[in-house]
Amino acid sequence: MNEMVITREQREARLEGMGCKRKRVEDIRFTQGKGNYVDDLKLPGMLHGDFVRSQYGHARIKRIDAAKARALPGVIAVLTADDLKPLGLHWMPTLAGDVQAVLADGKVHFQNQEIAFVVAENRYVADDAIQLVEVEYEELPVLVDPFKALDPDAPELRPDLAGKTVGAHGPRKHHNHIFEWTVGDRAATDEAFNRADVTIKEMISYQRVHPSPLETCQCVASFDKIKGELTVHGTFQAPHVIRTVASLLSKIPEHKIHVVAPDIGGGFGNKVGAYSGYICAIVATIVTGQPVKWVEDRIENLSTTSFARDYHMTTEIAATKDGKVTGLRVHVLADHGAFDACADPSKWPAGFFNIVTGSYDFPVAHLAVDGVYTNKAPGGVAYRCSFRVTEAAYCIERAMDILAHKLGLDPAELRLRNFVRRDQFPYQSALGWEYDSGDYDTAMRKAMDAVGYAELRAEQARRREAFRRGETREIMGIGVSFFTEIVGAGPSKNCDILGVAMFDSAEIRIHPTGSIIARMGSKSQGQGHETTWAQIIATELGIPADDIMIEEGNTDTAPYGLGTYGSRSTPVTGAAIAMAARKIKAKAQMIAAHLLEVSEYDLEWDIDGFRVKGNPERAKTMKEIAWAAYNSPPPGLEPGLEAVNYYDPPNMTYPFGAYICVMDIDVDTGVATTRRFYALDDCGTRINPMIIEGQVHGGLTEAFAIAMGQEIRYDELGNVIGASFMDFFLPTAVETPVWETDFTVTPSPHHPIGAKGVGESPNVGGVPCFSNAVNDAFSFLGATHIQMPHDAWRLWQAAQDLGA
Amino acid sequence: MTDQIPISITVNGRSVRRFVDPRLLLIHFLREDLGLTGAHIGCETSHCGACTVDLDGMSVKSCTMFAAQADGATITTIEGMANPDGTLSVLQESFRQMHGLQCGYCTPGMIMRASVLLRENPDPTDDEVRQGIAGNLCRCTGYQNIVKAVRHAAAVINGRPSQEAAE
Ligand code: FES
Ligand code: FES
């Protein structure tokens with residue numbers, strides 16, 4: 001087509017920039033089975049490592065005999081804690097300031113804990129060898145109930161910490177106590193409760209679950225003895241941090257460590273941490289001089305590499321009799337398992353749980369969190385949520401419903417009466433956050449209109465009558481949730497991981513012919529960064545997205561960044577991309593001015609280049625400018641056209657949303673059917689609506705799974721129950737509801753493109769919405785709070801208990 | 001070591017003859033011996049379907065079958081699904097158009113399963129698609145766009161306008 005006749009709309013459209021439903025670049029390879037995942041990697045001479053794991057939840061190890069295993073043909077090595085000791089690698093520091101045994105050091109603290117690492121020629125022989133390693137145990141009393149952890153006679157789980165009265169987050173008050181974290185004004189909050197017309201109090205538990213991406217955690221470590229260089233390919237959501245940690249632990253200089261995160265088969269928080277498998281594979285390749293692959297199986301994944309939630313939240317709200325909230329008091333008992341390996345920014349032992357005041361204007365609040373040890377797997381990762389934000393949203397959203405019930409108010413109405421109003425932003429919350437922007441009222445009303453809320457309530461009233469008359473055995477629940485997320489960790493003033501500030505980065509390089517390579521410190525695990533990051537650059541620089549290649553995950557080439565989790569990529573990396581692009585644009589403007597022989601100030605940006613103000617025929621496209629940048633730059637200006645930006649955000653971003661769920665429950669079977677689920681999300685500026693919808697569908701499906709069935713449970717002996725796909729609830733296409741999505745747009749005022757992030761919102765808002773629907777269904781029968789997960793068995797039990 | 005077993009299999013139109021350990025799983029044979037890494041491992045317990053391949057016209061979870069059992073079979077993996085000229089097949093392109101994938105880990109299994117589903121039922125309803133892919137788990141998409149993708153592919157193959165549109 002002749003360039004001259006291209007319309008402005010066509011110029012705009014061919015960029016495929018922000019706001020368009022650009023089809024994904026990644027899909028070309030993924031739909032052909034040409035993705036490049038860790039387990040696809042095969043290096044010459046590669047060995048396979050696998051773990052001998054504890055049968056017991058708590059036991060002393062009296063003896064490990066690996067002689068038979070070592071004698072098996074094809075076995076190269078069997079590593080135990082004693083082998084790692086001389087290297088100082090039998091324990092490793094955790095992200096939360098605790099230490100964790102890489103291989104059990106005289107004692108096991110949870111079932112399936114790593115005891116020995118077998119390295120063999122292939123995975124079959126490694127498996128055989130595991131069976132041949134003899135471990136003699138002496139069982140110890142097991143502690144699985146966090147409510148008993150601080151009993152005076154509770155078994156001591158961590159003798160390695162004996163005498164340590166101060167932990168990473170302050171004083172410890174018991175041998176199983178990790179930290180106490182308090183926020184807010186205790187006295188003022190108590191006072192609000194003393195004066196309240198109405199108060200509610202409920203212990204709201206959020207069960208232990210697991211992110212369970214379809215690809216488990218895995219790595220291939222390869223040490224080059226001659227060069228002294230270590231290369232690790234792995235399922236890392238934060239490859240740069242892994243390199244730094246690997247360097248600190250192994251003493252190999254950081255520039256001699258190459259960490260590569262290739263395509264990742266889902267993360268959801270599971271792949272943030274550093275796990276024993278990575279350390280052992282690294283040690284094994286150094287010891288053997290051959291590459292070593294470690295791939296965990298599904299049971300290992302569900303029972304060892306991380307968990308999420310396990311928060312037990314005693315929640316109180318004070319309110320006036322006409323439904324104005326006046327105070328919030330929350331105490332959390334946090335079960336962290338055997339080692340405190342929570343993946344939170346270092347100064348935040350309970351993550352951002354202090355977002356627990358939610359979307360409501362609480363004048364005062366107080367929060368206390370006690371972390372305790374139990375004989376369970378360590379972890380505490382943010383499973384598709386910002387750090388502990390889904391726990392907080394569940395806590396406040398359930399509590400608001402309980403309050404509405406007590407006041408005899410409609411739950412949506414109670415929310416409308418208490419929302420932070422639009423004119424209050426930026427809003428200072430009682431527990432210390434500054435919410436950037438929001439319009440809660442508009443979102444809530446839009447959601448209620450969309451579902452025909454008043455009619456649904458009328459239908460529910462009719463059906464309750466019918467139930468009372470014995471005409472039906474089905475009850476109807478309407479779940480409402482309105483969440484405020486806090487994402488985009490984070491500002492260096494309060495966010496770091498092991499001292500590394502939580503900025504992120506982008507480097508953009510325009511080639512002479514006007515195509516682009518750009519690299520970021522983030523790491524996609526399915527979010528589609530290769531597609532969306534190019535859209536931001538396309539809009540900022542006027543180069544078609546198809547001419548922009550995005551690379552992430554290689555620590556040698558990508559600028560240092562903290563990775564992708566906690567919905568931080570768009571708020572932090574997205575901002576870095578825009579800022580780097582704007583640096584380039586500023587230089588491009590100088591070059592354009594030189595080419596057009598006008599002053600910079602006489603130029604204005606127009607879609608894909610600069611034009612002279614008032615004389616639009618005189619213009620230079622970005623492509624033309626790129627060529628000139630290399631070949632005829634203005635005198636005195638250095639050639640080239642590239643920029644890097646490290647972005648330290650001034651604040652978090654606060655996405656929000658209004659969700660409504662309609663559910664029917666058969667009281668005789670406990671089977672719940674989601675009739676309708678409507679989700680309105682406000683994530684600020686929308687980069688790719690297609691990808692946003694996809695993220696919302698996926699997050700809602702995970703929320704559905706958590707609310708309606710997922711649980712990693714332990715029996716009293718410390719046996720982990722349900723750590724396989726046979727038992728752990730992952731919904732299929734048949735159970736999964738149909739999702740209706742909607743949006744409003746309230747840009748973030750401090751983000752360069754106004755975007756807030758969305759990947760985790762649906763999980764944060766979805767879980768309380770489902771649970772509120774269940775509780776709402778049972779409320780007319782006298783239920784106040786039914787604990788998750790709401791599987792058919794438990795719902796049937798609830799119906800029985802309520803005499804339904 | 002147990003004696004190796006000779007097998008001959010046709011994989012993506014190529015005949016392959018190998019000696020294999022009796023206990024070698026088909027998924028490992030495909031991925032490690034033949035380098036066809038498109039089929040993935042999500043569980044090794046026949047729950048997730050990431051390892052699904054087409055074996056003599058049936059969907060098979062290749063983690064739950066020995067390579068030796070596949071002796072004489074004709075297998076198609078995701079690597080054999082593109083058009084002969086290298087472009088994406090209708091089904092693959094539909095997954096892309098309808099945003100039926102995110103991390104891509106379940107995708108090869110999903111597409112292999114969906115291709116058999118469409119052979120058995122060329123014009124499935126939403127419910128029939130959901131039932132038909134119930135053996136394949138996806139952790140990312142919530143299935144909605146996968147269902148759309150399969151129905152869109154059916155419409156294209158049947159030469160009628162698609163009702164489906166990506167969000
Ligand atoms: S790996 Fe075969 S079904 Fe999961
Ligand atoms: S796209 Fe990630 S598991 Fe389906």
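The analysis underlying the following values was restricted to heavy atoms, covering all of them including side chains, and did not include hydrogens, waters or symmetry mates. So you know, we letter chains A, B, ... as the sequences are listed, proteins then strands, and number each from 1.
- Residues B/Gln144 and A/Trp739 come closest through the heavy atom pair OE1-N, 2.6 Å.
- Looking at heavy atoms from C-beta onward, B/His99 lies in side-chain contact with A/Arg24 at the 4.5 angstrom threshold.
- Residues A/Arg298 and B/Glu44 fail the side-chain proximity criterion, which asks for heavy atoms closer than 4.5 Å.
- Inter-residue side-chain proximity for B/Arg139 and A/Leu730 is flagged as met; some heavy-atom pair is nearer than 4.5 Å.
- Residue contact with chain B, scored on non-hydrogen atoms closer than 4.5 Å, involves the side chain of A/Thr701 exclusively.
- Contact annotation for A/Gln695: both backbone and side-chain heavy atoms come within less than 4.5 Å of a heavy atom of chain B.
- In this structure, A/Thr736 and B/Arg130 approach most closely via the heavy-atom pair O-NH1, 3.2 Å.
- Looking at A/Ser212, both its backbone and its side chain come within 4.5 Å of chain B, counting heavy atoms on both sides.
- No side-chain heavy atom of B/Ser46 sits less than 4.5 Å from a side-chain heavy atom of A/Phe725.
- Using a distance-only test at 3.5 Å, with no hydrogens or angles considered, a donor-acceptor pair links the side chain of B/Arg31 to the main chain of A/Asp39.
- Of the atoms belonging to B/Leu24, heavy atoms from both backbone and side chain fall under 4.5 Å from chain A.
- A/Phe704 does not touch chain B: none of its heavy atoms, backbone or side chain, sits under 4.5 Å away.
- The candidate with the highest count of non-hydrogen atom pairs below 4.5 Å against chain B, out of A/Pro211, A/Gly265, A/Pro737, A/Gly74, is A/Gly265.
- Proximity of A/Tyr124 to B/His28: side-chain heavy atoms (C-beta onward) are separated by under 4.5 Å at one or more points.
- Of all non-hydrogen atoms in B/Tyr105 and A/Tyr37, the two that sit nearest each other are N-OH, 3.5 Å.
- Proximity to chain A involves both the backbone and the side chain of B/Ile41, based on heavy atoms less than 4.5 angstrom apart.
- Looking only at side-chain heavy atoms (C-beta outward), A/Glu215 and B/His40 stay at 4.5 Å or farther from each other.
- Looking at A/Ile28, both its backbone and its side chain come within 4.5 Å of chain B, counting heavy atoms on both sides.
- Both the backbone and the side chain of B/Ala134 come within contact range of chain A, with heavy atoms under 4.5 Å apart.
- Both the backbone and the side chain of B/Arg96 come within less than 4.5 Å of a heavy atom of chain A.
- Of the two parts of A/Asp263, neither the backbone nor the side chain holds a non-hydrogen atom closer than 4.5 Å to a non-hydrogen atom of chain B.
- Looking at heavy atoms from C-beta onward, B/Gln131 lies in side-chain contact with A/Val734 at the 4.5 angstrom threshold.
- Heavy atoms from other residues, nucleotides or ligands lying under 6.0 Å from CZ of B/Arg119 number more than 12.
- Nearest approach of B/Ile111 to A/Thr31, heavy atoms of both residues: CD1-O, 3.8 Å.
- Residue contact with chain B, scored on non-hydrogen atoms closer than 4.5 Å, involves the backbone of A/Ile264 exclusively.
- Put simply, of A/Gly33, A/Gly526, A/Ala733, the one with the most heavy-atom pairs under 4.5 Å next to chain B is A/Ala733.
- Heavy atoms closer than 4.5 Å to chain A are found in both the backbone and the side chain of B/Glu32.
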query = Hey, mind stepping through B/Cys103 and A/Phe30 against side chain to side chain contact (heavy atoms under 4.5 Å, CB included) and telling me if it holds?
reply = CA-CA 8 Å; B/Cys103 78; A/Phe30 291 162; 5.9 Å; no
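- No other option in B/Asn136, B/Ile133, B/Leu88 has as many heavy-atom pairs under 4.5 Å with chain A as B/Leu88.
- Ranked by heavy-atom pairs shorter than 4.5 Å toward chain A, the options B/Glu93, B/Met110, B/Glu79 are led by B/Glu79.
- Considering every non-hydrogen atom in both A/Leu214 and B/Cys48, the closest pair reads CD1-CB, 3.9 Å.
- With a 4.5 Å cut-off on non-hydrogen atoms, B/Leu91 does not touch chain A at all.
- Taken to the nearest 0.5 Å, the OG1 atom of B/Thr37 stands 8.0 Å off from the CG atom of A/Asn36.
- Annotation: maximal heavy-atom pairing with chain B below 4.5 Å, among A/Ala705, A/Pro731, A/Pro213, occurs at A/Pro731.
- Shortest non-hydrogen contact noted between B/Thr141 and A/His697 is O-CB, 3.2 Å.
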message = For a salt bridge (charged side-chain N to carboxylate O under 4.0 Å, His left out) check, start with the C-alpha distance between B/Arg23 and A/Asp128, then their side-chain angles and the critical distance, and finish with the verdict.
response = CA-CA 12 Å; B/Arg23 65 175 177 173; A/Asp128 291 339; 2.8 Å; yes
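- In this structure, A/Gln32 and B/Met81 have side chains that are not in contact, with every pair of non-hydrogen atoms separated by 4.5 Å or more.
- Of the two parts of B/Leu101, the backbone and the side chain both hold a non-hydrogen atom closer than 4.5 Å to a non-hydrogen atom of chain A.
- For B/Arg17, the CZ atom is loosely surrounded, since the number of other residues' heavy atoms within 6.0 Å does not exceed 12.
- Per-residue counts of heavy-atom pairs under 4.5 Å with chain B were compared for A/Glu26, A/Lys42, A/Arg123; the largest is that of A/Arg123.
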